[in-house]
Amino acid sequence: MNACRLAASNLACRKGDRLLFRRLDCAVEAGQALQITAPNGMGKSSLIRILAGLARPFAGAVERNGAAGLLDERPALDEHRPLSNALGFWRNLDGEQDQALQELGLKALMEVPVRYLSTGQRKRAAFARLMGQGAPIWLLDEPLNGLDTQAVTVCEAMVERHCNKGGIAIIASHQSMRISGMTELKLADFAVTSSSAEDPALSSESVI
Amino acid sequence: MSALWTILRRDLAMLFPGGGRGGGSLLPLLFFLAVAMLYPFAVGPDAPLLAKTGGGVIWVAALLAAILPLDRLVAPDLEQGFFDQWALRGISEEAVIAIRVLAHWLSFGPPLMVAALPAAALLGIDGNALRIVEIGLLAGTPGLAAIGVTIASLTVGLKSGAALSGLLLIPLAVPLLIFGAGSLSTGSEGGLALTAALSLVLVAITPFAGGAAIRAAREN
């Protein structure tokens, strides 16, 4: 897991004809955790997808050293299959790695079809998929949604352990997470307000 | 390579009966047999007429049966985030789509060829015509599967994709139908070779067209 790194320079993101943020620079080194905070609709999820390489930024570049694992609101587990099979599919792709089933409290749910799981249970199953992937860079989009207090503690501990082992965690969430050494990136600082149209090349008016 | 095998196994488990995609191949099959059964009722018990037109009816029924599973072929995987997770693991959309074509064909092509036997009996088709129908289906169904997966990928972001994909598939499938069903009237195998050639071209294009469509759908 050594020497993973994620750096973004001069990022801008456009949704439709609206510029969500711009001139965003950030660099995350191995062992660091970064929380992205912003009000709804500011582009947290879009930023996560850009950092993952799943969406193209409107401007700027992302430099990623190391595999990325993504956890968002879609667990990517087959609805009709029992949890053991759904997670087993990813284990076949990722290789035999610890999915932390015991810690996440999923052992008792292994025979339950995914469609019967609650929101929180799905989120925990998605965490198991992420653990099994063994990627050094974790990109978490609202990881605490639907989790109960005990599961929140478990997941915070997992993220902290991941960073202590030299991994990177980037968390987009409006909830506060207790992870030691976590820095915060306020997306609102890079937002484009209607008064800040001084740069015609990047203003949303010129985009239309 | 083992990753692709894992994905193929999942695709097959999804598309075959008992899988998660609404009965999978069983429904198109029953639909196909239902058309073959209803046709004699509609036309009447005129054996020479049935035998003359039956091959064409089998082809049209096969084409319509291939449309049925289209809306569940690609869309659920995009909605549930599977394509994102595959991309993060370095598995390209092209590879996934190529596997999906194979799995889709396996789930309806061979079963349709088997179902063509009772359908031929219902329509009173003779041995030689049945042989040409079977070879034609073998040559044409991979092309139908390829068109189906392409269209399922292209309409993946649309809410009313199901009806639209049926409308889009029909004109694209016309060449296959002309050469496949057309060789019934000539009784020769020249048209079948053209059907197979068309199928090969379609199968070769589909991974690239489908992969590009999936990536475009993800940007939104």
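First the proteins, then the strands, lettered A, B, ... as listed; each starts at 1. Side-chain atoms are counted along with the backbone in the values below, which use heavy atoms only and exclude waters and symmetry mates.
- Under the 3.5 Å distance criterion, the side-chain polar atoms of Asn65(A) are left unmatched by any main-chain donor or acceptor of Cys4(A).
- Looking at Asp94(A), only its side chain comes within 4.5 Å of chain B, counting heavy atoms on both sides.
- With a 4.5 angstrom heavy-atom cutoff, Leu4(B) does not touch chain A via any of its atoms.
- Interface remark: Arg81(A) contributes side-chain atoms only to the contact with chain B (heavy atom separation under 4.5 Å).
- Checked options Glu156(A), Gln175(A), Arg124(A); the residue passing with Leu147(A) is Arg124(A) (criterion: side-chain contact (heavy atoms from CB on, under 4.5 Å)).
- Residues Phe82(B) and Trp90(A) place their aromatic rings such that the two centres sit under 6.0 Å apart.
- When heavy atoms are compared at a cutoff of 4.5 Å, Ile91(B) approaches chain A solely by way of its side chain, counted from C-beta outward.
- Contact annotation for Ala68(A): both backbone and side-chain heavy atoms come within less than 4.5 Å of a heavy atom of chain B.
- In this structure, Trp86(B) and Phe83(B) have perpendicular ring planes: the angle between them is above 60°, well past the 30° mark.
- Using cut-offs of 30° and 60° for the angle between ring planes, the His162(A) and Trp138(A) rings count as parallel.
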